[in-house]
Asker: 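Before I ask anything, here is the structure I am working with.
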Amino acid sequence: MKNFLNGIIFSYVKDLKYGEIMGRLLIPQGYKTTKQRKAILQVLEENITPMHAEDIYLKLKEKGIDVSLSTIYRNLDMLQKQGLVVKAYMLNEDKARFGLSSKKNYLVCQECKKIVIIDNCPFEKFKEELIEVHGFDILGHSIEVYGICPECKEKLRNDQKPLEDSR
């Protein structure tokens with residue numbers, strides 16, 4: 001039943017704001033609406049790219065919300081289990097990043113670490129084929145594509161130009 005429920009949650013989360021998530025999805029599951037949960041979801045909603053738990057902690061401190069880092073981790077874990085938050089490990093990073101499950105497909109620059117959200121998810125083209133070939137009931141996904149952004153590509157190109165002989 002939980003897997004089926006998570007599949008439904010993934011389909012709803014895309015268009016919901018953090019307040020609606022609390023009311024429609026967490027409360028019926030028996031989770032209380034806490035100030036900390038609301039604040040964590042709000043920070044994730046306000047940020048375009050996924051964040052480290054420590055960054056969420058700092059944003060909450062800036063807003064005057066008193067919360068411990070361990071509380072943030074506990075809430076992120078619960079929100080992830082409910083399918084509302086995605087936990088991602090970026091290449092060459094030792095800490096996880098967290099984002100709303102509606103913002104889960106990214107382009108990541110290997111040079112400057114810039115993260116760009118992919119609006120039109122390419123996964124949908126392959127979903128039916130994966131179901132047919134592998135027999136999976138797909139409940140959700142996350143895509144991270146690594147490369148070099150246009151700005152870094154240009155910088156690298158300029159850095160590689162041979163130096164003029166100054167004779």
Asker: Quick one: list whatever passes salt bridge (Lys or Arg N to Asp or Glu O under 4.0 Å) with K63, sequence neighbours left out.
Answerer: E46

Asker: Taking side-chain contact (heavy atoms from CB on, under 4.5 Å) as the test, write out the residues that go with K95, two or more places apart.
Answerer: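 In terms of side-chain contact (heavy atoms from CB on, under 4.5 Å), with neighbours along the sequence ignored, K95 is linked to H52, E54.
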
Asker: When rounded to the nearest 0.5 angstrom, what is the spacing between CZ in R37 and CZ in R74?
Answerer: 9.5 Å

Asker: Residues two or more places apart in sequence or in another chain: which of them pass side chain to side chain donor-acceptor pair (under 3.5 Å) with K127?
Answerer: none

Asker: Minimum heavy-atom separation for N47 and V43, please, with both atom names.
Answerer: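 Distance-wise, the nearest heavy atoms are ND2-O, 2.8 Å.
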
Asker: Apply the side chain to side chain contact (heavy atoms under 4.5 Å, CB included) test between R157 and each candidate in Q160, K155, K153; give the one that qualifies.
Answerer: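 Checked Q160, K155, K153 against R157; only one passes side chain to side chain contact (heavy atoms under 4.5 Å, CB included): K153.
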
Asker: For A53 versus L69, what's the shortest heavy-atom pair and its separation?
Answerer: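 Of all heavy-atom pairs spanning A53 and L69, the closest is O-CD1, 3.8 Å.
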
Asker: One pair to check against side chain to side chain contact (heavy atoms under 4.5 Å, CB included): L79 and L44. What are the steps and the verdict?
Answerer: CA-CA 12 Å; L79 293 166; L44 291 174; 5.5 Å; no

Asker: Please give me the minimum heavy-atom distance between C152 and C109, naming the atom from each residue.
Answerer: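 Scanning both residues, the minimum pair turns out to be SG-SG, 3.7 Å.
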
Asker: Holding to salt bridge (Lys or Arg N to Asp or Glu O under 4.0 Å), I want the full list of residues that pass it with D94, two or more places apart in sequence or in another chain.
Answerer: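 Testing D94 for salt bridge (Lys or Arg N to Asp or Glu O under 4.0 Å), a comparison that skips the adjacent residues, returns none.
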
Asker: Tell me, please, which residues at least two apart from K87 pass side-chain contact (heavy atoms from CB on, under 4.5 Å).
Answerer: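 Result, side-chain contact (heavy atoms from CB on, under 4.5 Å) vs K87: Q80, Y89, A96, F98.
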
Asker: Taking K61 first and then D66, would you say they form a salt bridge - that is, a charged N and a carboxylate O separated by under 4.0 Å?
Answerer: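 Salt bridge between K61 and D66, a charged N being under 4.0 Å from a carboxylate O: yes.
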
Asker: Sequence neighbours left out, what passes salt bridge (Lys or Arg N to Asp or Glu O under 4.0 Å) with E111? Give chain and number order.
Answerer: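 Counting only residues at least two positions away or on another chain, E111 forms no salt bridge (Lys or Arg N to Asp or Glu O under 4.0 Å).
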
Asker: Looking at OH of Y57 and OG1 of T71, how far apart are the two atoms once the value is rounded to the nearest 0.5 Å?
Answerer: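 It is 10.0 Å, given to the nearest 0.5 Å.
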
Asker: Group every Ile, Leu, Val, Met, Phe, Trp and Tyr by side-chain heavy-atom contacts under 4.5 Å, then state whether F136 and L130 land in the same group.
Answerer: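 Hydrophobic grouping puts F136 with L130.
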
Asker: Atom CG of N75 and atom NZ of K38: how far apart are they, to the nearest 0.5 Å?
Answerer: 13.0 Å

Asker: Using every non-hydrogen atom in the two residues, find where I40 and I72 come nearest and quote the distance to one decimal.
Answerer: CD1-CA, 3.9 Å

Asker: Are D55 and K59 close enough, and set up right, to give a salt bridge (Lys or Arg N to Asp or Glu O under 4.0 Å), and what steps lead you there?
Answerer: CA-CA 6 Å; D55 296 329; K59 288 275 189 187; over 6 Å; no

